[in-house]
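Note: hydrogens, waters and symmetry copies are ignored here, and every other heavy atom, side chains too, is used.
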Amino acid sequence: MTASSMSDPGAGRDECAEVVLGVDTHKDAHVGCLLDLRGVLLDTRTFAATRSGYRQLTAWITGTGRVCRRAGVEGSHSYGIGLTRHLHQAGVTVIEVSQPDKAERRRRGKTDQLDAEAAARAVLSGRAQATAKTSDGPVETIRPLHLARQSALKARTQAINQLKAVLLGAEPGLRETLNTSSTTRLIHRCSTLQPAPPSDPDTAVRFTLQLLAQRIITLTAEITTLTRYITTTITTHTPDLLHRRGVGPDTAATLLLTAGDNPHRLTGEAAFAALCGSSPVEASSGKTRRHRLNRGGDRQANRALHTVVISRLRWDQTTRDYLERRLAQGKTRREAIRCLKRYVARELYPLLHQPLDNP
């Protein structure tokens with residue numbers, strides 16, 4: 001552990017004075033910085049990104065004789081996820097801090113110590129106010145399963161496209177034998193091929209088709225297993241979420257991951273809509289008063305809300321009537337869908353609190 005301690009201008013004051021912690025996180029080490037409530041730099045130290053390092057950081061804070069209630073952590077849900085859990089367990093409120101302002105970086109330069117100090121000052125000034133996710137509950141259980149499922153879906157789609165591309169180059173007899181309008185039947189027929197070791201173009205095509213078909217079948221079984229585990233976890237902790245029209249395991253998991261294990265950190269359904277990028281944004285000028293689409297927020301959550309809306313437009317008559325009414329009022333289809341996504345966010349937000357009420 002390295003240290004660059006500085007003189008404490010707060011010596012002689014009340015030992016219970018509060019300090020603010022700022023942390024710049026990295027894969028192997030975290031740099032911490034302490035400021036008093038006047039913004040005076042007290043100390044800067046580097047700790048290993050291990051359990052022992054987290055304990056040393058906590059001991060460093062308590063050793064100052066001051067109270068630390070707030071900590072600004074840059075990358076609290078990536079390199080700093082372990083530190084964030086440790087600080088939450090120690091009773092410290094962790095604030096998610098974005099990267100320092102680029103103009104400020106150009107003026108002062110770029111070091112880990114400066115980034116940690118900038119994180120602490122962002123909390124102290126109130127620029128950073130978003131409470132970090134705790135990542136220690138059922139939503140965190142869903143996160144790796146959802147990640148694995150998404151990668152398996154992508155790999156399966158790629159394998160299906162490759163299988164069809166290889167089939168185009170097969171000799172006509174084989175292509176006519178395997179020709180079918182159903183992708184499922186095509187995969188099954190290709191998996192039952194008994195090719196010889198690849199020694200010429202024909203055997204190479206047969207071998208590749210069988211290999212790709214077996215890969216697709218394996219990935220499909222993997223996706224089914226992951227979907228079952230995700231559905232079970234969601235049903236156990238938020239049973240009403242999957243009962244809403246248009247909400248499936250994928251969209252439910254995405255929205256839960258956006259809200260986190262502590263959705264109470266959001267101030268209300270308007271904050272959740274803004275987090276999902278579905279809140280209206282003012283675009284008025286002069287005598288014109290209008291709103292535009294929100295292109296910010298979590299785009300995966302926005303896609304999940306869009307999926308729910310598109311499903312309801314297909315199967316729910318009430319949603320279709322609302323769309324027609326909005327179109328008659330002069331709104332574009334995109335603007336009307338944005339309004340629908342805002343309503344869906346308002347409807348689903350209360351259901352995200354159930355992990356707190358039903359642990």
According to a 4.5 Å side-chain heavy-atom criterion applied to Ile, Leu, Val, Met, Phe, Trp and Tyr, with indirect links allowed, do V309 and L241 form part of one hydrophobic cluster? yes

Give the intermediate values and the outcome of salt bridge (Lys or Arg N to Asp or Glu O under 4.0 Å) for residues R342 and E269. CA-CA 9 Å; R342 179 66 180 84; E269 52 90 11; 2.7 Å; yes

Check whether any side-chain heavy atom of L327 lies under 4.5 Å from a side-chain heavy atom of K331, and answer yes or no. no

Rounded at 0.5 Å granularity, tell me how far CG in L351 sits from NE2 in H243. 11.0 Å

Verify, without hydrogens or angle tests, whether Q210 (side chain) and F207 (backbone) share a donor-acceptor contact under 3.5 angstrom. no

Please say whether more than 12 non-hydrogen atoms of neighbouring residues, nucleotides or ligands are located less than 6.0 Å from OH in Y79. no

If we ignore hydrogens and angles and just use 3.5 Å, is the side chain of N262 paired with the main-chain N or O of H264 as donor and acceptor? no

Are the side chain of T157 and the backbone N or O of L153 linked by a donor-acceptor pair below 3.5 Å? yes

CG (L256) and CG (L348) are apart, to the nearest 0.5 Å, by 10.0 Å

Side-chain atoms of residues 20-30: list all donor-acceptor pairs with protein atoms under 3.5 Å, sequence neighbours left out, distances to 0.1 Å.
{"from": "D24", "atom 1": "OD2", "to": "H26", "atom 2": "NE2", "distance (Å)": "2.9"}
{"from": "T25", "atom 1": "OG1", "to": "E74", "atom 2": "O", "distance (Å)": "2.5"}
{"from": "H26", "atom 1": "NE2", "to": "D112", "atom 2": "OD1", "distance (Å)": "3.1"}
{"from": "H30", "atom 1": "ND1", "to": "H26", "atom 2": "N", "distance (Å)": "3.3"}
{"from": "H30", "atom 1": "ND1", "to": "H26", "atom 2": "O", "distance (Å)": "3.4"}

Test side chain to side chain donor-acceptor pair (under 3.5 Å) on T227 and R149 and set out the steps. CA-CA 7 Å; T227 302; R149 182 179 181 276; 2.8 Å; yes

Taking atom CZ of R175 as the centre, does the number of heavy atoms from other residues, nucleotides or ligands within less than 6.0 Å exceed 12? yes

Salt bridge flag under 4.0 Å for residues E222 and R215: no

Taking C-beta and beyond as the side chain, do N179 and L167 meet within less than 4.5 Å on heavy atoms? no

Take atom OH of Y322 as the centre, draw a 6.0 Å sphere, and report whether it contains more than 12 heavy atoms from other residues, nucleotides or ligands. yes

V123 reachable from L37 in the ILVMFWY side-chain graph, under 4.5 Å edges: yes

Just wondering, do S191 and I217 contact through their side chains at under 4.5 Å, heavy atoms? yes

Do L145 and L147 share a hydrophobic cluster, counting only Ile, Leu, Val, Met, Phe, Trp and Tyr and linking them when any side-chain heavy atoms are less than 4.5 Å apart? no

Non-hydrogen atoms of A271 and L266 that approach each other most closely: CB-CB, 4.5 Å

Between T236 and P138, is there a side-chain heavy-atom distance shorter than 4.5 Å? no

Hey, are the side chains of L313 and L323 touching, using non-hydrogen atoms and a 4.5 Å cut-off? yes

Rounded distance (nearest 0.5 Å) linking atom CZ of R320 with atom CG of L340: 12.5 Å

Looking at E347 and R312, is any side-chain nitrogen of the basic one under 4.0 Å from a carboxylate oxygen of the acidic one? yes

Between T111 (side chain) and L114 (backbone), is there a donor-acceptor pair under 3.5 Å? yes

Could you go through the side-chain contact (heavy atoms from CB on, under 4.5 Å) check for Q300 and T258 one step at a time? CA-CA 8 Å; Q300 294 301 318; T258 300; 5.8 Å; no

Which heavy atom in L42 sits nearest to a heavy atom in L35, and how many Å separate them? CD1-C, 4.1 Å

Report yes if some heavy atom in the side chain of H86 is under 4.5 Å from a heavy atom in the side chain of T58; otherwise report no. yes

Test T64 against D43 for side-chain contact (heavy atoms from CB on, under 4.5 Å), laying out the working first. CA-CA 10 Å; T64 62; D43 198 0; over 6 Å; no

Looking at E117 and R121, is any side-chain nitrogen of the basic one under 4.0 Å from a carboxylate oxygen of the acidic one? yes

Show the numbers, then the answer: is there a salt bridge (Lys or Arg N to Asp or Glu O under 4.0 Å) between D202 and R206? CA-CA 6 Å; D202 182 48; R206 290 174 177 269; 3.6 Å; yes

What are the two closest non-hydrogen atoms of I230 and P249, and how far apart are they? CG2-O, 4.2 Å

I want to check something: taking the side chain as every heavy atom from C-beta on, are I81 and E140 in contact at a cut-off of under 4.5 Å? yes

I'd like to know if K133 and D261 make a salt bridge, using a cut-off of under 4.0 Å between side-chain N and carboxylate O. no

Intermediate values then yes/no, salt bridge (Lys or Arg N to Asp or Glu O under 4.0 Å), D250 and R303: CA-CA 11 Å; D250 182 61; R303 178 189 62 81; 3.7 Å; yes

side-chain contact (heavy atoms from CB on, under 4.5 Å) evaluation trace for R69 with V92: CA-CA 5 Å; R69 297 187 179 92; V92 179; over 6 Å; no

Candidate pair R326 and E335, rule side-chain contact (heavy atoms from CB on, under 4.5 Å), full reasoning: CA-CA 9 Å; R326 283 296 193 175; E335 290 173 336; over 6 Å; no

Return yes if a side-chain donor-acceptor contact under 3.5 Å exists between R127 and S125, otherwise no. yes

Any donor-acceptor N or O pair under 3.5 Å, side chains R338, S278: no

Same cluster for L211 and I160 if Ile/Leu/Val/Met/Phe/Trp/Tyr side chains link at under 4.5 Å? no

Judged by atom type as modelled, is there a donor-acceptor pair below 3.5 Å linking the side chain of T235 to the main-chain atoms of T232? no

Got a second to check how far L34's CG is from L41's CG, nearest 0.5 Å? 8.5 Å

T46 OG1 to L57 CG distance, which is reported to the nearest 0.5 Å: 10.5 Å

May I ask you to say whether D321 pairs ionically with R325, meaning some side-chain N is under 4.0 Å from a carboxylate O? no

Give a yes or no on whether V31 and V19 share a hydrophobic cluster (residues Ile, Leu, Val, Met, Phe, Trp, Tyr; joining criterion: side-chain heavy atoms under 4.5 Å apart). no

Nearest heavy-atom neighbours spanning F272 and A259: CE1-CB, 4.5 Å

If every non-hydrogen atom of T44 is compared with every non-hydrogen atom of Q113, which pair is closest and at what distance? CG2-CG, 3.5 Å

State whether E18 and R66 are salt-bridged, where the test is any N-O pair (Lys NZ or Arg NE/NH1/NH2 against Asp/Glu carboxylate O) under 4.0 Å. no

Is the closest side-chain heavy-atom distance between V73 and V97 below 4.5 Å? no

Rounded distance (nearest 0.5 Å) linking atom SG of C33 with atom CZ of R45: 12.0 Å

Can you name the nearest heavy-atom pair linking A152 to I223, along with the distance? CB-CG1, 3.6 Å

Partners meeting side chain to side chain donor-acceptor pair (under 3.5 Å) with T141 (sequence neighbours left out): none

